[in-house]
Amino acid sequence: MFNQYSENQSENTRNIAMKFNQGKTVKCDGTDINNSNYSLSIGTYTFIGIENTPNAGEMISASTCE
């Protein structure tokens, strides 16, 4: 059961990253995330607010996204 849950979580995170990389907006913790305001750290699957944007320095885990 645990392995199935873990695989589902990993697949969901990969799908979120793919949408983001395609230029689509994803919703994470009630925040709209797109590549004009955030960058994606692939190693940790964390969105990081880009400098000179209202979200600068903010870090949001991709696991919190829908």
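Residue numbers count from 1 along this sequence.
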- Sequence-distant partners of E7, salt bridge (Lys or Arg N to Asp or Glu O under 4.0 Å), two or more places apart: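 Listed in chain order: R14.
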- Return yes if a side-chain donor-acceptor contact under 3.5 Å exists between N34 and S36, otherwise no.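 A donor-acceptor contact under 3.5 Å links the two side chains.
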- Message: Is a donor from one side chain sitting under 3.5 angstrom from an acceptor on the other, for T44 and S41?
- Response: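 Short answer, yes.
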To the closest 0.5 Å, what do you measure between [atom1] ([X]) and [atom2] ([Y])?
| X | Y | atom1 | atom2 | answer |
| --- | --- | --- | --- | --- |
| M18 | E11 | CE | CD | 9.5 Å |
| D29 | S61 | CG | OG | 8.5 Å |
| T46 | M59 | OG1 | CE | 5.5 Å |
| C65 | K27 | SG | NZ | 10.5 Å |
| N52 | N37 | CG | CG | 11.5 Å |

- Message: Are the side chains of I60 and T31 in contact, using a 4.5 Å heavy-atom criterion?
- Response: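 Sidechains of I60 and T31: in contact.
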- Task: Mind listing the closest non-hydrogen atom pair of N35 and G23 along with its distance?
- Result: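 Shortest heavy-atom separation between N35 and G23 comes out as ND2-CA, 3.6 Å.
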- Looking only at heavy atoms, which two atoms of V26 and K19 are closest? And how far apart?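 Distance-wise, the nearest heavy atoms are CG1-CB, 3.9 Å.
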- Query: Does the N12 side chain pair with the main chain of N8, one donor and one acceptor, at a distance under 3.5 Å?
  - Reply: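 Judged by distance alone, no pair lies under 3.5 Å.
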- Is a donor on one side and an acceptor on the other found under 3.5 Å between the side chain of S10 and the backbone of S6?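 Checked: pair present.
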- Item | Within 6.0 angstrom of Q22 CD, more than 12 heavy atoms from elsewhere |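 Yes, the 6.0 Å shell around CD holds more than 12 heavy atoms from other groups.
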- Message: Please determine whether side chain to side chain contact (heavy atoms under 4.5 Å, CB included) holds for the pair Y38 and N55, giving the CA-CA distance in whole Å, both sets of side-chain angles, and the decisive distance to 0.1 Å.
- Response: CA-CA 8 Å; Y38 289 87; N55 310 93; 3.0 Å; yes
- Item | F47 and S39: CA distance, side-chain angles, deciding distance, side chain to side chain contact (heavy atoms under 4.5 Å, CB included) verdict | CA-CA 6 Å; F47 296 106; S39 62; over 6 Å; no
- Query: Out of curiosity, does I48 fall in the hydrophobic cluster containing I42 (side-chain heavy atoms, cut-off under 4.5 Å, transitive links)?
  - Reply: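 No, it is not one cluster - the side chains of I42 and I48 are not joined through contacts under 4.5 Å.
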